[in-house]
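Below: the structure, in structure tokens.
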Number of protein chains: 2
Amino acid sequence: MKLQQLRFFLAVVDNGLNITAASERLFTSQPGVSKQIRMLEDELGLSLFQRAGKSLSSLTPAGARVADRARVILREVENIKQMAGDLRGEATGQLSIATTHTQARYVLPPVVAAFRRRYPEVALDLHQGTSEQIAEMLAQAKVDLAIATGGGKLFENILRLPAYCWDRTVLVPPGHELAGGDRLTLRDLARFPLVTYVFSFHGESSFKQAFAAQGLEPNVVFTARDADVIKTYVRLGLGVGVVASMAHDESDCADLVALDARGLFPRLTTWVGFHRDRLLRDFSYDFIALFAPHLNEVRIGAALATPDQNTLDGLFADVDLPVRGGCCDHKPKIKRKST
Amino acid sequence: MKLQQLRFFLAVVDNGLNITAASERLFTSQPGVSKQIRMLEDELGLSLFQRAGKSLSSLTPAGARVADRARVILREVENIKQMAGDLRGEATGQLSIATTHTQARYVLPPVVAAFRRRYPEVALDLHQGTSEQIAEMLAQAKVDLAIATGGGKLFENILRLPAYCWDRTVLVPPGHELAGGDRLTLRDLARFPLVTYVFSFHGESSFKQAFAAQGLEPNVVFTARDADVIKTYVRLGLGVGVVASMAHDESDCADLVALDARGLFPRLTTWVGFHRDRLLRDFSYDFIALFAPHLNEVRIGAALATPDQNTLDGLFADVDLPVRGGCCDHKPKIKRKST
DNA sequence: GATATTTACGTCCGCCGTAACTATT
DNA sequence: AATAGTTACGGCGGACGTAAATATC
């Protein structure tokens with residue numbers, strides 16, 4: 001058994017059982033892939049694929065089990081290579097991060113800037129996408145880290161570490177009836193056409209739930225993937241904007257009025273996540289620490305030692321997660337232990 | 001990186017950093033091993049060994065970490081091969097078991113006989129040794145299963161499944177003062193010279209503790225590794241024998257009197273254990289089930305899913321472990337659930 | 001007929017083993 | 001001197017790529 005045989009085999013599995021596609025991704029010839037797979041099958045003495053004539057129609061049960069094990073092997077090979085880079089003391093390499101527009105546009109810029117200063121030799125790839133796309137990229141190991149909010153079942157086998165919390169902020173044009181009024185209520189909001197994020201599977205559904213809990217039905221007239229688009233339409237007077245608190249910054253103050261919506265909607269937690277079994281480069285952990293200083297080596301080590309995501313909360317009991325918002329950022333602080 | 005390079009590397013590590021010894025074990029030439037290791041080091045860009053001139057003096061920290069990962073890889077390769085044997089539906093192969101004399105001589109014979117009837121094509125290797133030797137063989141993956149009693153820290157990373165319980169039996173020659181007397185006490189035993197097992201690190205120390213708890217000091221005049229030797233000396237009138245209850249069978253009744261020692265010493269549990277991460281052949285699980293019928297696929301699966309040996313007890317809460325003794329064997333039974 | 005896989009075959013890299021050499025005791 | 005490891009080198013197997021054949025749609 002050769003590592004290459006396993007690599008070829010998995011490439012075929014991951015490319016819809018298409019040997020030609022797999023060979024192209026592997027930058028090798030198609031007959032070579034075909035042959036190595038036959039040789040692997042011969043050595044193991046079993047068929048990995050169900051064949052319909054010449055083409056592969058499906059994985060056999062045996063093939064599926066071999067594929068699972070093969071993934072472990074190739075992951076560990078990858079881990080050794082990553083480790084070697086760190087042990088050589090090199091600060092070169094690549095760090096790929098999947099995240100949402102809000103993070104990439106409003107939260108990560110200073111983090112990325114600091115990271116690039118510290119690691120000028122590391123190529124940083126920021127992949128932007130929906131929760132589903134982020135989960136997909138992480139599952140396929142196309143990215144090292146994910147930074148997102150909510151997500152529930154999408155992120156199985158992913159270690160998610162809480163980074164910070166945020167609320168929503170309501171944006172209206174200057175002079176709008178809601179501007180300068182009393183403390184905002186959901187009832188107020190329900191009276192106006194709303195402009196907010198596209199509803200995805202993840203936490204955003206809490207938007208509608210908050211209204212429903214008070215017997216209200218929000219009048220959402222327009223949704224967009226990112227806050228910049230939402231703001232544009234709010235400026236046009238199309239409606240009242242509801243965005244993530246981080247998405248409101250000083251530059252908006254000129255022509256938009258931000259209203260505090262804390263308490264109206266449930267507070268959300270943005271996390272940074274990665275595959276439990278994939279070893280990250282040292283600089284990746286540094287990136288995480290730059291992004292969320294409480295996520296230091298010790299805490300991440302403890303989190304990795306916790307087998308289950310659900311029992312992880314206790315680890316962060318002593319951390320007062322920072323709450324981020326355009327005008328009220330504050331640094332994370334560690335709770336004093338109650339005596 | 002090639003699997004062979006990892007294999008060569010680990011062989012050197014496991015042979016006292018002696019390349020020649022490693023090459024012999026690998027049935028290949030010494031320069032080949034030397035070269036492949038250099039190539040692995042070149043590819044990873046780091047030294048795996050600390051070299052003193054030409055010879056290897058120690059593993060570098062990097063080498064140690066690579067070795068750990070490499071072991072995972074080769075173990076998974078091994079697992080794939082084992083799995084292939086099962087998936088082919090073959091009932092051929094090898095099953096190596098490390099165990100103690102008592103098990104091999106008194107407990108396993110009927111199990112082995114039944115196993116051999118069912119799997120005539122499987123070569124069964126029984127390796128007999130002390131607890132320490134058994135732990136060693138299991139740790140080095142020289143055996144698939146271990147069957148032993150006690151052992152505490154010796155068996156880290158080993159999944160130990162309780163198989164049955166046993167007490168000690170006291171053996172005396174016919175006509176001995178203790179024969180036919182009242183219920184035996186430790187005080188009685190302490191009055192006579194005793195013949196029992198060699199004290200090892202494991203549960204046997206409970207022997208002395210039982211006496212010490214009553215302020216008694218046993219007079220052990222002779223110790224042996226196995227019950228047959230002990231019986232021989234008891235027959236010679238050298239002293240009173242204290243053996244595992246399984247070690248007394250009908251053939252002894254002619255010239256030895258067995259006295260029930262239940263309650264005098266703590267009850268011991270014999271377990272069957274194997275490496276958590278090593279995949280066993282199907283017939284190995286069948287062997288376990290033959291040995292301890294309550295250790296069926298479901299329970300072993302549940303035990304494998306339990307990350308920690310210490311939290312494993314709950315899994316067997318509903319099992320009434322059989323107690324084995326020369327004259328009072330009984331089958332395991334499942335406790336009725338209390339309503 | 002277009003697409004996809006296997007078979008066939010020639011090239012070349014790289015692994016292996018022998019032999020000679022070097023360092024260490 | 002004996003033991004252990006590296007360097008040198010020739011043989012050979014096997015991996016790869018091109019080209020042709022074959023099966024599938």
Side-chain angles (χ1 to χ4, degrees), chain A residues 1-60 62-63 66-67 70 73-74 77 80-81, chain B residues 1-60 62-63 66-67 70 73-74 77 80-81:
Chain A
M1 190 185 310
K2 304 275 169 57
L3 285 177
Q4 218 143 1
Q5 293 172 340
L6 300 180
R7 229 174 257 128
F8 284 15
F9 169 51
L10 287 184
V12 172
V13 172
D14 291 339
N15 283 278
L17 306 189
N18 182 324
I19 295 185
T20 305
S23 67
E24 279 163 7
R25 173 153 319 183
L26 292 164
F27 302 105
T28 185
S29 72
Q30 183 273 324
V33 176
S34 188
K35 189 172 185 192
Q36 290 306 315
I37 287 177
R38 292 314 262 259
M39 290 179 69
L40 180 58
E41 289 183 312
D42 287 349
E43 181 176 347
L44 297 180
L46 39 86
S47 296
L48 299 171
F49 296 105
Q50 196 69 253
R51 288 176 168 77
K54 283 199 168 188
S55 73
L56 313 179
S57 54
S58 67
L59 261 183
T60 59
V66 172
I73 292 172
L74 294 181
V77 169
I80 286 181
K81 290 180 181 171
Chain B
M1 190 185 311
K2 303 274 169 59
L3 285 177
Q4 221 144 355
Q5 293 173 340
L6 300 179
R7 229 174 259 130
F8 285 14
F9 169 52
L10 288 183
V12 172
V13 173
D14 292 340
N15 284 277
L17 307 188
N18 182 322
I19 296 186
T20 305
S23 68
E24 280 164 7
R25 175 154 317 183
L26 292 164
F27 302 105
T28 185
S29 72
Q30 183 274 325
V33 176
S34 189
K35 188 172 186 193
Q36 290 306 315
I37 287 177
R38 292 314 261 260
M39 291 180 69
L40 179 59
E41 288 183 312
D42 287 349
E43 180 176 346
L44 297 180
L46 39 87
S47 295
L48 299 172
F49 296 105
Q50 195 69 255
R51 287 177 169 76
K54 285 197 166 187
S55 74
L56 313 179
S57 55
S58 66
L59 261 184
T60 60
V66 172
I73 292 172
L74 294 181
V77 170
I80 287 181
K81 290 179 181 173

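What you see is a predicted model, and the numbers here were worked out from it, not measured in a lab. Below, chains carry the letters A, B, ... as their sequence lines are ordered, and counting in each starts from 1.
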Non-hydrogen atoms of [X] and [Y] that approach each other most closely:
X: B:Gln50; Y: B:Thr60; answer: N-CG2, 3.7 Å
X: B:Leu26; Y: B:Ala11; answer: CD1-CB, 3.6 Å
X: B:Leu3; Y: B:Ile73; answer: CD2-CG2, 3.7 Å

Query raised in the report: Do any pairs count as a ring pair (Phe, Tyr, Trp, His ring centres under 6.0 Å) and have a residue in residues 28-47 of chain B, sequence neighbours left out, and if so which ones?
Result: none
Requested in this report: Can you tell me which residue pairs pass the ring pair (Phe, Tyr, Trp, His ring centres under 6.0 Å) test with a partner in residues 19-45 of chain B, sequence neighbours excluded?
Outcome: none
Interatomic distance, [X] [atom1] vs [N] [atom2] [rounded to whole Å]:
X: A:Leu3; N: C:dG14; atom1: CG; atom2: C1'; value: 16 Å
X: A:Leu56; N: D:dA23; atom1: CG; atom2: C1'; value: 13 Å
X: B:Glu24; N: D:dG5; atom1: CD; atom2: P; value: 11 Å
X: B:Leu40; N: C:dC15; atom1: CG; atom2: P; value: 12 Å
X: B:Arg51; N: D:dA4; atom1: CZ; atom2: C1'; value: 13 Å
X: A:Ile19; N: C:dT3; atom1: CD1; atom2: P; value: 18 Å
X: B:Glu43; N: C:dC15; atom1: CD; atom2: P; value: 10 Å
X: B:Asp42; N: C:dG14; atom1: CG; atom2: C1'; value: 15 Å

Requested in this report: Apply side-chain contact (heavy atoms from CB on, under 4.5 Å) to B:Glu41 and list each qualifying residue two or more places apart in sequence or on a separate chain.
Outcome: B:Ile37, B:Arg38, B:Ser47, B:Leu48, B:Phe49, B:Arg51
Requested in this report: Can you sort out the partners of A:Glu24 under side-chain contact (heavy atoms from CB on, under 4.5 Å), two or more places apart, ordered by chain and number?
Outcome: A:Thr20
Polar-atom pairs under 3.5 Å, protein N or O versus N or O of nucleotides 23-25 of chain C: list them with distances, or write none.
none

Report summary line: side chain to side chain contact (heavy atoms under 4.5 Å, CB included) with B:Phe9: of B:Leu74, B:Val66, B:Val33, only one passes, and it is B:Val66
Requested in this report: Could you name each residue pair satisfying salt bridge (Lys or Arg N to Asp or Glu O under 4.0 Å) that touches residues 4-14 of chain B, not counting sequence neighbours?
Outcome: B:Asp14-B:Arg71
Report task. Applying side chain to side chain donor-acceptor pair (under 3.5 Å), name anything that partners B:Gln5, two or more places apart in sequence or on another chain. Result -> B:Gln36
Query - Base versus backbone protein contacts along nucleotides 11-20 of chain D [heavy-atom cut-off under 4.0 Å; B, S, -] - result: ----SSBBB-
Query raised in the report: Which distance, rounded to the nearest 0.5 Å, do you find between the CG of A:Asn18 and the CD of A:Gln30?
Result: 9.0 Å
Report task. Specify the residues of residues 10-18 of chain B, ordered by number, for which at least one heavy atom lies under 4.0 angstrom from an atom of DNA chain D. Result -> B:Leu17, B:Asn18
